[in-house]
Peer 1: 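For reference, the structure I am asking about is given below.
Proteins get letters first, then strands, A, B, ... in listed order; numbering begins at 1 in each. Please read all numbers here as calculations on a predicted model, not as lab measurements.
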Amino acid sequence: MKTKQNYLETVVHGIFLLLGLVTVACVLLITAYLVISGIPAIREIGIVKFLFGKEWASTAAEPKYGILPFILTSVYGTAGAILLGVPVGFLTAVYLAKMAPKSVKEIVGQAVSMLAGIPSVVYGLVGMMVLVPGIRKLFHIPDGASLLAAIIVLAIMILPSIIKMSVTALEAVPKEYEDASLALGATPEETWFRVSVPAAKSGIAAAVVLGVGRAIGEAMAVMMVAGNAANMPSLFQSVRFLTTAVASEMSYSSGLQRQALFSIALVLFLFIMLINAILNFFLKGERRS
Amino acid sequence: MSASRKWFIRLVRFGMYLATALTALLTLFIVAYVLVKGIPNLSWQFLSTKPSYLSGNIGILPDILNTVYIVIATLVIVIPLGVGAAVYLTEYASNKKLVAVIEYAAEALSGIPSIIYGLVGMLMFAGTFGTSLMAGALTLVIMNLPTILRNTQESLKTVPQSYREGAFGLGAGKWRVVRTVVLPGCVDGVITGCILSVGRILGESAALLFTAGFAHALNGFFEGLGSAGATLTVALYVYAKEQGEFGVAFGIAAILLVLSFCINLSAGAVTNYYQKKNAI
């Protein structure tokens, strides 16, 4: 009886241990698959030529596989989205966390959740129908599908994560800090921006990094508004991101071209892992404070 | 008060009002635009038929069914995995390093973009199962694992330690305590996790494009899992980008918005319900 019980317990423990390790196995498998399928093309093309080549012509008679345009587009696009999205998201978060009356907070909070729940293809669709023609008319260019359209769409898409995470960080600031500042004669606005915000800075930094991760990894919405030509990035030109480079040629690619797409995914994966590491650094800072 | 302080206050107040108004108006505009453009395209025929090249009819019933199938298949697989991992982390694990590794892995999973899931899913699952809803569902399982894991873990932490000690004191073994005390206590976390996962699956497109494909065939559940099929989001993408059928795309977009609104509401309602229940 006793040994039978122990036997059962050991088996159950083992099963739960296995279930716990599934997550780790998934991460390892994804990494392994990406590395194994991504390395051959980089080897064949040459790492310098691949990363710093300025021309991508995968279907030409003499194919060229340089992904510098995609890397730069992803970097510029993300930077642009952060530049537009972070100030708006940050100020909204301070308002919601500190100043807004309860009813306004509730309604805008709902709106932000709604924004977070909109699928990326819907953002792409609205961008395609509103932004792209708008940009074409406003700047008198032949096609509005451009880096600018992608930046605006991405800026809107990262708003909810920035707002939610910053609000959480700002609300966690101890009330004593603010009371002390108010008692010393600072106005509420000065208290929020000179005391609460600095106290919540690692949380807000984490929110920004999370936004960077979202923006750099977004594929479908960008695919629908950026035009997808493999140009070097320029605000009013059709461009291709790292994500869309993978998505747009995957369905008909073969041979070295297909392998090169996996290499692009590997580069994107390395970017994301770097961002995750930075995010973790800030989150740890948040927990410590 | 000095002039510069007054200016600072005016400036930040103006900035905050402007930013919040912008956020709210943007949301309102997107939602209203999609609904206004989409709802006129909805009809019973649109919802209940399949597309046919012969009659030129476009219906989205296959896409709706595919979405339902893929949601069911994903949840059936991901719930045991996620809950099991959460139980291991909170109840069984004694090695702190292992816990840290598993939690780090879960965080890494939630940061990976869906296009990479799509690519790896294509290599891992579409190779064995063919381009099919099953391959798509398995890809989504990995994607949603962290969501279920984290929500279950949070709710397990709210099960009072005294319950467990009481059960142990009465002579129950570890597995019996987990089965009778711990698992019933995490139902709310599992439900919240499921709702969030359903929302994520509904909105997912990049991970499904190369794993589940974009066919519009009308199938039963098991037959459907074995064959390629587009979910609503993938169908939207194909109709808008490849076929230029914007009316259809907006119709689907309107349905997706309404669904995502319902999901937000129910997630909020479930959280509220259990918070009140736990408070008593």
Side-chain angles (χ1 to χ4, degrees), chain A residues 5 8-9 12-13 16-17 19-20 22-24 26-27 29-30 33-34 37 87-88 91-92 94-96 99 108 111-115 117-122 125-126 128-130 156 159 163 187 189-190 193 213 217-220 224 243 246-247 250 262 265 268-269 272 275-276 279-280, chain B residues 8-9 12-13 15-16 19-20 22-24 26-27 30-31 33-34 81 84-85 87-89 92-93 101-102 105-109 111-116 119-120 123-124 142 145 149 173-175 199 202-203 205-206 209-210 233 236-237 240-241 246 249-250 253 256-257 260-261 263-264:
Chain A
Q5 177 83 28
L8 177 73
E9 291 294 342
V12 171
H13 189 140
F16 278 119
L17 173 64
L19 290 174
V22 166
T23 320
V24 184
C26 285
V27 175
L29 266 178
I30 291 174
Y33 264 106
L34 282 172
S37 53
V88 176
L91 287 169
T92 309
V94 178
Y95 178 77
L96 289 183
M99 190 177 171
V108 178
V112 172
S113 302
M114 183 82 222
L115 211 54
I118 298 177
S120 51
V121 282
V122 176
L125 181 65
V126 175
M128 232 169 136
M129 303 303 284
V130 179
I156 300 173
L159 267 185
I163 294 176
T187 65
E189 288 84 359
E190 285 169 324
F193 281 89
E218 179 50 47
M220 302 311 274
M224 291 166 91
T243 47
V246 178
M250 203 67 225
F262 288 124
L268 177 64
F269 185 67
I272 293 288
I275 292 166
N276 270 358
L279 185 66
N280 263 325
Chain B
F8 174 80
I9 292 168
V12 296
R13 261 179 181 258
M16 284 193 291
T20 311
L22 193 64
T23 309
L26 267 173
T27 315
I30 294 174
V31 172
Y33 183 78
V34 169
L81 289 179
V87 169
Y88 179 74
L89 285 178
Y92 282 93
V101 168
I102 294 176
E107 244 161 71
L109 276 188
I112 295 176
S114 47
I115 181 77
I116 289 192
L119 211 59
V120 174
L123 292 171
M124 273 197 319
I142 306 182
L145 195 53
L149 172 65
K174 182 105 194 174
W175 167 230
L202 279 180
S205 43
L209 212 48
F210 307 120
T233 24
L236 191 169
Y237 173 76
K241 188 87 169 91
F246 292 112
F250 272 111
L256 285 171
L257 276 198
S260 114
F261 185 65
I263 283 169
N264 274 345

Peer 1: Check whether any side-chain heavy atom of B/Leu209 sits under 4.5 Å from a side-chain heavy atom of A/Met220, and report yes or no.
Peer 2: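 Yes, close enough: below the 4.5 Å cut-off.
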Peer 1: Name the region of A/Ile156, side chain, backbone, both or neither, that has any atom closer than 4.5 Å to a heavy atom of chain B.
Peer 2: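 Just the side chain, heavy atoms under 4.5 Å.
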Peer 1: Do B/Leu257 and A/Met114 have side chains that get closer than 4.5 Å, going by heavy atoms?
Peer 2: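 In contact.
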Peer 1: Below 4.5 Å, heavy-atom pairs only: which of A/Ile163, A/Leu268, A/Leu279, A/Val108 has the largest tally toward chain B?
Peer 2: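 Most pairs with chain B among the choices: A/Leu268.
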Peer 1: With only heavy atoms counted, which part of B/Phe246 is less than 4.5 Å from chain A, the side chain, the backbone, both or neither?
Peer 2: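 B/Phe246 touches chain A through side-chain heavy atoms alone.
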Peer 1: What are the two closest non-hydrogen atoms of B/Ala105 and A/Val24, and how far apart are they?
Peer 2: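 Minimum heavy-atom separation between B/Ala105 and A/Val24: CB-CA, 3.9 Å.
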Peer 1: Which heavy atom in A/Met224 sits nearest to a heavy atom in B/Ala240, and how many Å separate them?
Peer 2: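 Closest pair (atom of A/Met224, atom of B/Ala240, distance): CE-CB, 3.9 Å.
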Peer 1: So for B/Leu236, is it side chain, backbone, both, or neither that comes closer than 4.5 Å to the heavy atoms of chain A?
Peer 2: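 Side chain only.
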Peer 1: Step by step, would you call A/Leu19 with B/Tyr88 a side chain to side chain contact (heavy atoms under 4.5 Å, CB included)?
Peer 2: CA-CA 8 Å; A/Leu19 290 174; B/Tyr88 179 74; 6.0 Å; no
Peer 1: Please state whether the side chain, the backbone, both or neither of A/Ile275 comes within less than 4.5 Å of a heavy atom of chain B.
Peer 2: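 The answer is neither part of A/Ile275.
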Peer 1: Looking at CG of A/Leu96 and OG1 of B/Thr23, how far apart are the two atoms once the value is rounded to the nearest 0.5 Å?
Peer 2: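 Going from CG on A/Leu96 over to OG1 on B/Thr23, the span is 8.0 Å.
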Peer 1: Where do A/Val122 and B/Ala253 come nearest, in terms of heavy atoms and distance?
Peer 2: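 Closest heavy-atom pair between A/Val122 and B/Ala253: CG2-CB, 3.9 Å.
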Peer 1: Any chance you could measure B/Ile116, atom CD1, to A/Leu34, atom CG, to the nearest 0.5 Å?
Peer 2: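 Interatomic distance, B/Ile116 CD1 to A/Leu34 CG, rounded to 0.5 Å: 5.5 Å.
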Peer 1: Contact part of A/Phe269 toward chain B, heavy-atom cut-off under 4.5 Å: side chain, backbone, both or neither?
Peer 2: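 Its backbone and side chain both get close to chain B.
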Peer 1: What distance separates A/Glu189 CD from B/Phe8 CZ, expressed to the nearest 0.5 Å?
Peer 2: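 Between atom CD of A/Glu189 and atom CZ of B/Phe8 there are 8.5 Å.
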Peer 1: Give the minimum heavy-atom separation between A/Ile118 and B/Ser260, together with the two atoms involved.
Peer 2: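 Answer, listing the atom of A/Ile118 first, then B/Ser260: N-OG, 4.3 Å.
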Peer 1: With rounding to the nearest 0.5 Å, note down the distance linking CG in B/Asn264 to OG in A/Ser113.
Peer 2: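 Spacing of CG (B/Asn264) from OG (A/Ser113) equals 5.0 Å.
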Peer 1: Can you measure from CD1 (A/Ile30) to CG (B/Leu123) and round to the nearest 0.5 angstrom?
Peer 2: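 Answer for the CD1-CG pair, A/Ile30 versus B/Leu123, is 11.0 Å.
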Peer 1: What part of A/Glu190 lies closer than 4.5 angstrom to a heavy atom of chain B: side chain, backbone, both or neither?
Peer 2: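 For A/Glu190, heavy atoms of backbone and side chain both lie under 4.5 Å from chain B.
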Peer 1: Going by the rule ring-ring contact (aromatic ring centres under 6.0 Å, His included), which residues pair with A/Tyr95 if we only count those two or more places apart in sequence or in a different chain?
Peer 2: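 Applying ring-ring contact (aromatic ring centres under 6.0 Å, His included) to A/Tyr95 gives B/Tyr17.
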Peer 1: Looking only at heavy atoms, what is the nearest atom pair of B/Ile115 and A/Ala219, with distance?
Peer 2: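 Minimum heavy-atom contact is CB-CB, 4.0 Å.
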Peer 1: Is there a side-chain contact between A/Val12 and B/Tyr92, using heavy atoms and a 4.5 Å cut-off?
Peer 2: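 The answer is yes, as the side chains (C-beta and beyond) meet within the 4.5 Å cut-off.
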Peer 1: Should the pair B/Trp175 and A/Phe16 be assigned to parallel (<30°), tilted (30 to 60°) or perpendicular (>60°) ring geometry?
Peer 2: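 Answer is tilted, since the angle falls between 30° and 60°.
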Peer 1: Quick one: which of A/Thr243, A/Leu159, A/Leu125 has the most heavy-atom pairs under 4.5 Å with chain B, could you say?
Peer 2: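 If we count pairs closer than 4.5 Å to chain B, A/Leu125 comes out on top.
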Peer 1: With a 4.5 angstrom heavy-atom cut-off, is it the side chain or the backbone of B/Leu22 that approaches chain A, or both, or neither?
Peer 2: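 Looking at B/Leu22, just its side chain touches chain A.
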Peer 1: Is there a side-chain contact between B/Ser205 and A/Pro119, using heavy atoms and a 4.5 Å cut-off?
Peer 2: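 No, side chains not in contact.
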Peer 1: Let me confirm one number: the CE-OH distance from A/Met129 to B/Tyr33, rounded to the nearest 0.5 Å.
Peer 2: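 Result: 5.0 Å between the selected atoms.
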Peer 1: Less than 4.5 Å apart, side chain to side chain, heavy atoms only: is that true for A/Val112 and B/Thr27?
Peer 2: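 Result no, sub-4.5 Å side-chain heavy-atom pair not found.
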Peer 1: Tell me the closest heavy-atom pair linking A/Ile272 and B/Ile112, and the distance in Å.
Peer 2: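 Smallest heavy-atom distance, with atoms named: CG2-CA, 4.3 Å.
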Peer 1: Report yes if some heavy atom in the side chain of A/Met250 is under 4.5 Å from a heavy atom in the side chain of B/Leu119; otherwise report no.
Peer 2: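 Result yes, sub-4.5 Å side-chain heavy-atom pair found.
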Peer 1: Taking C-beta and beyond as the side chain, do B/Met16 and A/Met99 meet within less than 4.5 Å on heavy atoms?
Peer 2: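 Sidechains of A/Met99 and B/Met16: in contact.
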Peer 1: Quick one: are A/Val130 and B/Ile30 in side-chain contact, heavy atoms under 4.5 Å?
Peer 2: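 They are not in contact (no side-chain heavy atoms under 4.5 Å apart), so the answer is no.
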Peer 1: Kindly write out the residues that satisfy ring-ring contact (aromatic ring centres under 6.0 Å, His included) with B/Phe261, not counting sequence neighbours, or none if the list is empty.
Peer 2: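 So B/Phe261 forms no ring-ring contact (aromatic ring centres under 6.0 Å, His included) with any residue.
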